[in-house]
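Structure first, commentary second.
Scope of the values below: all heavy atoms of this structure, side chains included, with no hydrogens, waters or symmetry mates. Labels below follow one simple rule: chain letters A, B, ... track the order of the sequence lines, proteins then strands, and each chain is numbered from 1. A quick note: this is a predicted structure, and the numbers were derived from the prediction, not measured.
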Protein chains: 2
Amino acid sequence: MSDSALACAAMSLRHALLGLLTVRPSTGYELTQRFSGSLAHAWYAGHSQIYPELARLAGDGLAEVVGEGPRGSRTYAVTLAGREELRHWVVEGEPTRTQRNETALRWFMLELLEGDDRRRAIERELANARAELVDLREAAERADALPEPSPFRPTLVLAERLTEVMCGWLQEQLETVPGRSDPG
Amino acid sequence: MSDSALACAAMSLRHALLGLLTVRPSTGYELTQRFSGSLAHAWYAGHSQIYPELARLAGDGLAEVVGEGPRGSRTYAVTLAGREELRHWVVEGEPTRTQRNETALRWFMLELLEGDDRRRAIERELANARAELVDLREAAERADALPEPSPFRPTLVLAERLTEVMCGWLQEQLETVPGRSDPG
DNA sequence: GCCATCATGTAATTAGTTACATGATTAG
DNA sequence: CTAATCATGTAACTAATTACATGATGGC
């Protein structure tokens, strides 16, 4: 028996990769881009983390190289064992649910500011959140224009709703700051 | 000139600690508990990370020991420099906004499942989210019963609203699974 | 006296970031 | 021919987790 089944720690990067590869076989380069796209709100990883993990995934028999492309690129696909590992993680795996969200942390700290600092900081966060909302809506449009819809389409809806709530909350927070009617 | 001002990387743990100490001076032990409480949705840290960072904070003049208690406990408070550092981080600091949220990742992967697996996984997530909502409401009640309100009270409202939206979304997801009328 | 909790640390490991390094292909 | 992008990797460092380790205090 291999010890791969014993690995019970979080290993979210591993499962994020298995998930992306389940949607469609990809090269490391493509995966890097996909981590910066739809998955960015859930988990981020850069290429220097992705390539070694792909190699480990292949070593553990959870993924395999299914083709080689133009610039020495290798396309990986998830194996049956990989699919089973992912399934097991989603339905059985006990979640650690540890969160690290710098934006949320900032919003906590917003409450410690007063006056002008507070107003400016909230305005900045609100601008960010609104830009985020625009991005999400564009992503949704792009997703709907695609010939075959992404399985992750519903999570875009969720992200949109959450961001709307955040914008509303920030707007309310802004209204609690004593007004400064004439800037400059 | 010291190089402390140059440290421009994220260092969110540092600023989370400065924030908590701004609310009230605390021991490392108390901070550990507070990270598992209100701040858990934004940033988590265990004691083995907190104690060394407190020492570094004191070394950099951003916090200081203001009292010693019964069991060799030391109470830290934020210094003026620490307050300024936190203010700077919130209003000026350019955010990395990297997120790592295992729950969100799981919800992405939910979309890759079908049938019974999918239904069970969504039910589990929904139960978790509802329990979370109950926790948040209890925390809100406790916060309101306090003699002086926590500055972080508004962020509890936000967390509650977000969790409500999540529960609604999971409920919708559950309804997309073809029904299985008789279990067992 | 014993157990729970308070209270603080360090060591070993794993995860994640930043910087370095290289080379192929394609569009202009 | 040259710049952008495709494509992959490694090295050095910092952050975070898990496990180990110790001891004080207070309630029973």
Side-chain angles (χ1 to χ4, degrees), chain A residues 3-4 6-17 25-37 39-40 42-60 63 65 67-76 94-102 105, chain B residues 3-4 6-17 25-37 39-40 42-60 63 65 67-76 94-102 105:
Chain A
D3 60 344
S4 63
L6 301 178
C8 43
M11 302 217 290
S12 299
L13 170 63
R14 163 158 288 206
H15 296 102
L17 282 170
S26 308
T27 66
Y29 187 82
E30 285 165 344
L31 289 165
T32 306
Q33 292 174 306
R34 293 170 76 190
F35 265 104
S36 303
L39 218 61
W43 208 267
Y44 171 80
H47 81 276
S48 66
Q49 221 186 333
I50 291 169
Y51 288 115
E53 186 61 34
L54 276 175
R56 253 171 269 142
L57 240 25
D60 293 347
V65 177
E68 314 219 345
R71 274 155 284 229
S73 72
R74 261 150 298 137
T75 300
Y76 286 85
E94 69 123 345
T96 55
R97 291 171 200 281
T98 293
Q99 284 197 34
R100 282 208 180 77
N101 180 341
E102 198 185 310
L105 184 58
Chain B
D3 60 345
S4 62
L6 300 178
C8 43
M11 302 217 287
S12 299
L13 170 63
R14 161 157 291 205
H15 296 102
L17 282 170
S26 308
T27 66
Y29 187 82
E30 285 165 344
L31 289 164
T32 305
Q33 291 174 307
R34 293 170 74 192
F35 265 104
S36 303
L39 219 60
W43 208 268
Y44 171 80
H47 81 276
S48 67
Q49 221 186 335
I50 290 169
Y51 288 114
E53 186 62 32
L54 275 175
R56 253 171 270 142
L57 239 25
D60 293 347
V65 176
E68 313 220 344
R71 274 155 284 227
S73 73
R74 261 150 298 138
T75 301
Y76 286 84
E94 68 121 347
T96 56
R97 293 170 198 281
T98 294
Q99 284 195 35
R100 283 210 179 74
N101 181 339
E102 198 184 310
L105 184 59

Whole-Å distance between [N] [atom2] and [X] [atom1]?
X       : N       : atom1 : atom2 : answer
M11(A)  : dT17(D) : CE    : P     : 16 Å
R56(A)  : dT8(D)  : CZ    : P     : 16 Å
E30(B)  : dA7(C)  : CD    : P     : 7 Å
N101(B) : dG16(C) : CG    : C1'   : 17 Å
E53(B)  : dT17(D) : CD    : C1'   : 16 Å
Q99(B)  : dG16(C) : CD    : C1'   : 16 Å
F35(A)  : dG16(C) : CZ    : C1'   : 12 Å
Y76(B)  : dA7(C)  : OH    : C1'   : 12 Å

[N], OP1 or OP2 - any side-chain N/O from [X] closer than 4.0 Å?
X       : N       : answer
R74(B)  : dG9(C)  : yes
R71(B)  : dG23(D) : no
Y29(A)  : dC6(D)  : yes
R100(A) : dA15(C) : no
Y51(B)  : dT8(C)  : yes

Inset, instruction - Could you pull out the closest heavy-atom pair between A40(B) and Q99(A), with the gap in Å? - result: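 Heavy-atom minimum between the residues: O-CB, 4.2 Å.
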Legend entry - Minimum heavy-atom distance between L54(A) and G28(A), given as atom pair plus value: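 Taking L54(A) first and G28(A) second, the nearest heavy atoms are CD1-CA, 3.7 Å.
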Inset, instruction - Looking only at side-chain atoms of S73(A), point me to the closest of dT25(D), dA7(D), dG16(C). - result: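 The nucleotide sitting nearest to the side chain is dA7(D).
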Legend entry - Per Q33(B) side chain, nearest of listed nucleotides dT8(C), dT8(D), dC6(C):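 Minimum distance to the Q33(B) side chain belongs to dC6(C).
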Inset, instruction - Hey, which sits more toward the 5' end of DNA chain C by its nearest nucleotide, L13(A) or G72(A)? - result: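 Looking at the nearest nucleotide for each, L13(A) comes out on the 5' side.
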Legend entry - Between NE2 on residue H15(A) and CG on residue L105(B), distance to nearest 0.5 Å: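 Those atoms lie 9.0 Å apart.
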Legend entry - T32(A) side chain near T27(A) side chain, heavy-atom distance below 4.5 Å: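 No, every pair of side-chain atoms sits at 4.5 Å or beyond.
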Inset, instruction - Would you indicate whether the side-chain heavy atoms of I50(A) and L17(A) approach each other to under 4.5 Å? - result: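 Answer yes - side chains close enough.
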Inset, instruction - List in numerical order all residues of residues 42-50 of chain B for which some heavy atom is under 4.0 Å away from an atom belonging to DNA chain C. - result: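 Those residues are H47(B), S48(B).
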Inset, instruction - Check step by step if side chain to side chain donor-acceptor pair (under 3.5 Å) holds for R100(A) and S12(B). - result: CA-CA 9 Å; R100(A) 282 208 180 77; S12(B) 299; over 6 Å; no
Legend entry - Step-by-step side-chain contact (heavy atoms from CB on, under 4.5 Å) determination, Y29(A) to S73(A): CA-CA 8 Å; Y29(A) 187 82; S73(A) 72; over 6 Å; no
